[in-house]
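First listed ligand is number 1; within each ligand, the first listed atom is number 1. Note that the structure is a prediction, hence the values are computed from the model and not measured.
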Amino acid sequence: MARVITVIPGDGVGPEVTAATLRVMEEAGAELEVERQLAGVTALKELHTPLPEETLDSIRRTGVALKGPLTTPVGTGFRSINVAIRKEFDLYANVRPALTMVPGGRYEDIDLVLIRENTEGLYVGVEHYIGLQGDPRAAAESVMIVTRFGAERIVRYAFEYAKAHGRKKVTLAHKANILKCTQGLFLDVGREVAKDYADTIEFEDRIIDAAAMHLVVDPYQFDVLVMENMFGDILSDLMAGLVGGMGLAPAANIGKETAMFEAVHGSAPDIAGKGVANPSAFLLAGCLMLEHIDQPDVGRRIRDAMHSVLQRGRELTGDLGGRASTEDFADAIIRALR
Ligand code: NAI
């Protein structure tokens, strides 16, 4: 039976990469019934709100959203819709795989997964200025929030992910040497949770700055990494760099009831509407979604087909040095499926 999913094509290149992705998924045999919904600038223009109630209702009903990039106006206008969706559905785990797909990069055969806590830390946005001697912005203060509940559920998620995906090791990266309370709590909770998996999965902890250095010097020593929000934000982009940049980076945002899948890149206004966007990251997000909704074989077929098209290097989009359009690239993947 077809699984109902919410699809938000989004802004900029979103509709182009969404069309290509849905076409490939259908050809690969995905059993999906799509509820198309609006969000972002597109929704603002058509429905006068960047996050319509219908969109939220659809995600609530289906429990799964495949979401294109959404433009966030800088400085003025509405707040990030991505953040609003994450908060609304308590999508606490941000899963960022970094897998080598294009040969000839700085490293070969990278296969890492970073699991980032998505709801706490400094990004809760509890901050303010402190005025002194007539200067209203003499200082600024920001509060990092770590709860036992939040730390436990993200570390447990990392171990469960490792178990489900046949991974061998979880590395918890932290700064407990300096931030004794917030990071100390995160580390202590992590060590406790690790005991429940001691028979099957190796556990280690690393100080975040050393982890960053080791990821560049010898990424192969890592497997699954888990960390708080801001550290995860930074290191997940570093890891995307290990495998050729953001153009190929997908992300899953997982909550208890709901999950949202997206490309890491934005709406790329500079190339929007030209039909030249690379759909790979969104397609890889689609593969993560297929795995989540128990259609992993379809996801694997798509990934294998993409891999062969990228390896061959004949139908690459401009960002990868080729001249293919979004649709040419999708056609090549569809041919490789057969
Ligand atoms: P961006 O990722 O949209 O673009 C950065 C550069 O990468 C541009 O040169 C663009 O052409 C290129 N690029 C991005 N995606 C590509 C693709 N699929 N194929 C080929 N080239 C691609 O980042 P930028 O310019 O900082 O942000 C643009 C808008 O997107 C902003 O409004 C921002 O808020 C939003 N954004 C949304 C995200 C989301 O919805 N998850 C994530 C990041 C940014």
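In the hydrophobic cluster analysis, where Ile, Leu, Val, Met, Phe, Trp and Tyr join through side-chain heavy atoms closer than 4.5 angstrom, Y92 is grouped together with F159.
For ligand 1, the polar-atom distance check finds no N/O of P69 at less than 3.5 Å from any of the ligand's N/O atoms.
In terms of protein heavy-atom proximity, atom 41 (N) of ligand 1 is closest to E262 OE1, 3.3 Å. Nearest protein neighbour of atom 39 (C) of ligand 1, counting heavy atoms only, is N82 ND2, 3.2 Å. Of all protein heavy atoms, the one closest to atom 29 (C) of ligand 1 is S267 OG, 3.2 Å. Of all protein heavy atoms, the one closest to atom 28 (C) of ligand 1 is P269 CD, 3.6 Å. With hydrogens left out, the protein atom closest to atom 36 (N) of ligand 1 is G266 CA, 3.4 Å, a heavy atom. The shortest contact between atom 10 (C) of ligand 1 and any protein heavy atom is with D270 OD1, 3.4 Å.
Of all non-hydrogen atoms in I115 and A158, the two that sit nearest each other are CD1-CA, 4.0 Å. Nearest heavy-atom pair, R36 versus P9, reported as atom, atom and distance to 0.1 Å: NH1-CG, 4.0 Å.
Between R23 and the choices T18, I334, I333, the side chain to side chain contact (heavy atoms under 4.5 Å, CB included) rule is met once, by I334. When L99, L225, I110 are each tested for a side chain to side chain contact (heavy atoms under 4.5 Å, CB included) with M239, only one passes: L225.
Comparing heavy-atom distances from atom 13 (N) of ligand 1 across P279, A268, G68 singles out A268 as nearest. The residue from D319, N278, L70, L320 that puts a heavy atom closest to atom 18 (N) of ligand 1 is N278.
Shown here, atom 43 (C) of ligand 1 is in close reach of the protein: a heavy atom of it lies under 4.0 Å off. For atom 21 (N) of ligand 1, a protein non-hydrogen atom is found at a distance below 4.0 Å. Remark: atom 15 (N) of ligand 1 lies closer than 4.0 Å to at least one protein heavy atom. There is no protein heavy atom closer than 4.0 angstrom to atom 26 (O) of ligand 1.
By the 4.0 Å N-to-carboxylate-O rule, E262 lies close enough to R86 to be salt-bridged with it. Comment: R156 engages D196 in a salt bridge, judged by a side-chain N to carboxylate O separation of less than 4.0 angstrom. Salt-bridge annotation for R60 and E53: present, with a side-chain N of the basic residue lying under 4.0 Å from a carboxylate O of the acidic one. Salt bridge absent: E152 and R148 never bring a charged side-chain N and a carboxylate O closer than 4.0 Å.
There is a side-chain donor-acceptor pair under 3.5 Å between S58 and E35.
For the ligand labelled ligand 1, residue I271 lies inside the 4.0 Å heavy-atom shell. Remark: distances from the non-hydrogen atoms of V264 to ligand 1 include one below 4.0 Å.
A tilted orientation is assigned to the rings of Y161 and Y157, their planes being inclined by 30° to 60°.
Within the 4.0 Å heavy-atom criterion, both parts of T71, backbone and side chain, lie near ligand 1. Heavy atoms of T72 found under 4.0 angstrom from ligand 1 belong to the backbone as well as the side chain.
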